[in-house]
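Written out below as structure tokens is the structure these notes cover.
Only a predicted model underlies this, so the values are computations on that prediction, with no experimental measurement involved. By convention in this document, chain letters (A, B, ...) are assigned in the order of the sequence lines, proteins followed by strands, and residues within each chain are numbered from 1.
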Amino acid sequence: MNLKMNTRSIDDRASLIDLEGEIDVYTAPNLKQQIITLLDSGVRHILIDLTNVEYLDSTALGVLIGGLKRLRERDGSLDLICPNPRIKRVFEITGLDKIFDMYTTEEEALDKMRAKEGK
Amino acid sequence: MNLKMNTRSIDDRASLIDLEGEIDVYTAPNLKQQIITLLDSGVRHILIDLTNVEYLDSTALGVLIGGLKRLRERDGSLDLICPNPRIKRVFEITGLDKIFDMYTTEEEALDKMRAKEGK
Amino acid sequence: MAVETTPAVVELSIPCRPEFVSVARLAMLGVASRMQFTYDEVEDIRLAVGEACTTAVGRAMNANKTNAQITIRSEILENKLTIEVEDKVGRMPEVTAAAAPPESLNEENLGALLMELLVDEFTVEPTAEGGTRVRMVKYAG
Amino acid sequence: MAVETTPAVVELSIPCRPEFVSVARLAMLGVASRMQFTYDEVEDIRLAVGEACTTAVGRAMNANKTNAQITIRSEILENKLTIEVEDKVGRMPEVTAAAAPPESLNEENLGALLMELLVDEFTVEPTAEGGTRVRMVKYAG
Ligand SMILES: Nc1ncnc2c1ncn2[C@@H]1O[C@H](COP(=O)(O)OP(=O)(O)O)[C@@H](O)[C@H]1O
Ligand SMILES: Nc1ncnc2c1ncn2[C@@H]1O[C@H](COP(=O)(O)OP(=O)(O)O)[C@@H](O)[C@H]1O
């Protein structure tokens with residue numbers, strides 16, 4: 001019932017955060033802190049892997065939206081890997097699937113992110 | 001959180017009950033009924049597969065003990081397949097691992113049961 | 001048609017703190033799993049209750065009232081689940097979630113939007129003790 | 001050494017019926033998971049609470065009192081969890097679990113034996129209202 005977080009550098013401007021567990025009012029602050037730390041270290045493209053997330057609430061969505069705003073302000077990106085239909089549904093019913101770039105596989109997401117870094 | 005029960009005939013005197021889920025005060029009566037039904041239909045050797053059981057309490061133990069008694073009275077057997085150490089631990093701390101023949105794999109359990117049927 | 005009988009009642013009281021919201025979610029998972037809900041509906045209920053508790057926790061943290069308790073009361077009928085989440089930590093602000101464009105959503109109106117979308121009836125009212133009562137109804141089958 | 005502070009309290013009330021025992025187990029899973037218990041200890045707590053509720057449900061069914069409620073109250077300190085399971089459905093019979101040979105075990109003394117084995121302190125007392133209060137303490141770390 002906790003949130004495991006695994007961050008891996010893709011290149012000096014891009015990182016992937018792999019999440020496992022529940023993102024809620026108790027655990028979301030850790031994710032927020034991690035996004036801020038990456039931002040402060042110069043990362044501009046963040047990929048968040050929600051494959052192993054089994055619960056996510058409005059607090060999690062708030063942190064993701066906040067991160068997305070901060071990164072876009074700096075011409076960066078925050079994209080999501082989200083193959084789980086239950087988790088995807090939370091983005092869909094709130095209309096947030098139109099705000100985030102969401103992918104099904106890490107491969108696809110990395111390809112698109114590299115394209116963004118390129119320009 | 002419910003109990004799924006799958007019964008399969010091994011021969012006309014032996015059956016295997018494959019259980020999945022939780023055996024507790026709510027679901028144990030279904031298992032008891034199934035054991036009684038098999039007994040009434042002439043089955044004398046019952047193998048119960050606990051591999052996919054993730055919770056089991058005193059009610060479940062009571063039903064298993066009751067079944068074992070009834071079958072032994074009729075020169076039969078009730079054996080368990082129990083590879084899950086958490087579930088096995090419940091039998092161990094109550095000393096019931098000394099009462100039941102417990103196996104780790106279906107293959108092993110079937111071999112031993114056929115031997116019992118043989119005599 | 002099913003006859004309405006006396007509902008079974010499950011009542012839970014937890015501290016108004018982030019680490020206890022998961023206790024409410026788990027208990028509601030247990031309640032909803034025993035009813036005629038689909039797997040998706042059970043998930044909806046879990047999330048809706050989580051959101052109701054989360055708004056209370058948020059207000060408690062702002063008001064320095066994390067010593068208060070939240071009460072989650074479920075009334076269970078054959079095909080109707082009523083959940084009341086009540087706190088003593090101030091009023092939930094007016095939300096206009098449905099109207100807001102997705103870009104302008106923050107955590108607070110996201111929570112309200114989710115609750116509205118996930119259950120069949122959703123009402124918020126201030127309590128006499130200066131808190132908030134969220135009432136949600138979900139029909140099964 | 002940790003200073004004893006005010007415990008956090010989680011209180012749950014469920015109908016004294018077989019289908020609700022799993023709600024208590026899930027809620028306690030949530031409570032214990034947030035403490036310093038190992039995975040095995042969390043499982044022990046889940047089973048012990050399940051047993052306490054199950055004895056109450058058994059007595060309620062015998063006494064035709066399944067309309068009663070069971071209360072499960074947890075007091076949470078940093079490394080100490082106290083759980084009181086209280087019912088209003090009669091006394092739990094004297095049990096001599098530890099002494100009994102495994103062959104003679106029935107469900108009732110198996111339940112008592114499990115509770116004794118799974119927690120650090122285990123006491124049973126009759127309540128003023130004609131019910132039973134089971135008190136269990138488990139230390140973490
Ligand atoms: N740097 C950040 N990284 C991740 N999340 C953030 C960040 N800053 C703010 N947030 C979260 O995003 C949400 C909305 O973002 P925004 O309106 O930009 O925040 P702020 O309140 O700082 O102006 C807030 O709920 C906040 O929790
Ligand atoms: N035929 C049966 N099959 C499975 N379980 C049974 C059966 N009969 C009794 N039991 C269970 O076994 C436990 C103890 O068995 P036993 O003492 O033989 O039962 P009884 O109360 O019928 O004398 C009881 O808790 C009961 O629930």
Side-chain angles (χ1 to χ4, degrees), chain A residues 1-5 19-33 35-36 50 52-73 77-80 82-102, chain C residues 14-29 38-62 66 70 87 92 95 97-119 134:
Chain A
M1 254 156 324
N2 282 314
L3 180 64
K4 278 188 216 158
M5 214 160 28
L19 298 174
E20 185 184 333
E22 301 192 343
I23 324 179
D24 71 352
V25 61
Y26 181 58
T27 60
N30 300 337
L31 174 58
K32 182 173 177 175
Q33 191 48 56
I35 293 173
I36 292 170
L50 302 174
N52 297 310
V53 168
E54 66 103 359
Y55 182 86
L56 159 156
D57 73 2
S58 62
T59 326
L61 298 176
V63 168
L64 294 174
I65 295 170
L68 180 70
K69 281 186 193 169
R70 293 285 188 286
L71 282 155
R72 289 214 175 139
E73 282 164 13
S77 65
L78 187 153
D79 299 348
L80 306 174
C82 186
N84 179 339
R86 273 297 318 171
I87 298 296
K88 196 162 185 200
R89 184 162 171 266
V90 180
F91 288 89
E92 284 164 358
I93 62 177
T94 52
L96 290 172
D97 59 331
K98 295 179 197 75
I99 308 301
F100 289 99
D101 289 341
M102 300 180 81
Chain C
I14 56 169
C16 211
R17 300 211 292 268
E19 61 268 40
F20 289 97
V21 173
S22 63
V23 176
R25 288 201 304 266
L26 277 168
M28 287 310 305
L29 183 67
T38 63
Y39 179 76
D40 271 0
E41 287 168 337
V42 171
E43 287 295 305
D44 289 353
I45 291 162
R46 180 160 79 122
L47 183 50
V49 170
E51 293 300 338
C53 294
T54 296
T55 83
V57 168
R59 282 175 285 118
M61 292 200 294
N62 288 336
T66 49
I70 316 175
D87 66 68
M92 199 194 291
V95 279
E103 291 84 356
S104 74
L105 289 175
N106 62 26
E107 283 168 37
E108 227 155 53
N109 50 32
L110 269 172
L113 173 61
L114 280 171
M115 288 188 270
E116 256 179 44
L117 294 168
L118 296 171
V119 295
V134 173

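- In this structure, CD1 on A:Ile65 lies 4.5 Å from CG on C:Leu110, to the nearest 0.5 angstrom.
- Both the backbone and the side chain of C:Arg46 come within less than 4.5 Å of a heavy atom in chain A.
- Closest heavy-atom contact between C:Leu114 and A:Thr94: CD2-CG2, 3.5 Å.
- Under 4.0 Å is where a charged nitrogen must lie from a carboxylate oxygen, and between C:Arg25 and A:Glu54 no such pair does.
- Scanning all heavy atoms of the two residues, the minimum distance from C:Gly111 to A:Ser58 falls at N-CB, 3.6 Å.
- Across C:Leu118, C:Asp40, C:Leu117, the residue that shares the most heavy-atom pairs under 4.5 angstrom with chain A is C:Asp40.
- Note on C:Glu43 versus A:Arg89: no salt bridge recorded, every NZ/NE/NH1/NH2 to OD/OE distance being 4.0 Å or above.
- If you measure heavy-atom distances from C:Leu47 to chain A, the contacts under 4.5 Å come from both the backbone and the side chain.
- Taking CG of A:Asp24 as the start and CD of C:Glu19 as the end, the distance is 10.0 Å to the nearest 0.5 Å.
- Scored by the side-chain hydrogen bond (donor to acceptor under 3.5 Å, both in side chains) test, C:Thr55 finds C:Arg59 as partners (sequence neighbours excluded).
- To the nearest 0.5 Å, atoms CG (A:Leu61) and CG (C:Leu113) are separated by 9.5 Å.
- Of the two parts of A:Leu68, neither the backbone nor the side chain holds a non-hydrogen atom closer than 4.5 Å to a non-hydrogen atom of chain C.
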Start with the C-alpha gap between C:Arg17 and A:Val25, add the side-chain angles, then the distance that decides, and say whether side chain to side chain contact (heavy atoms under 4.5 Å, CB included) holds. CA-CA 9 Å; C:Arg17 300 211 292 268; A:Val25 61; over 6 Å; no

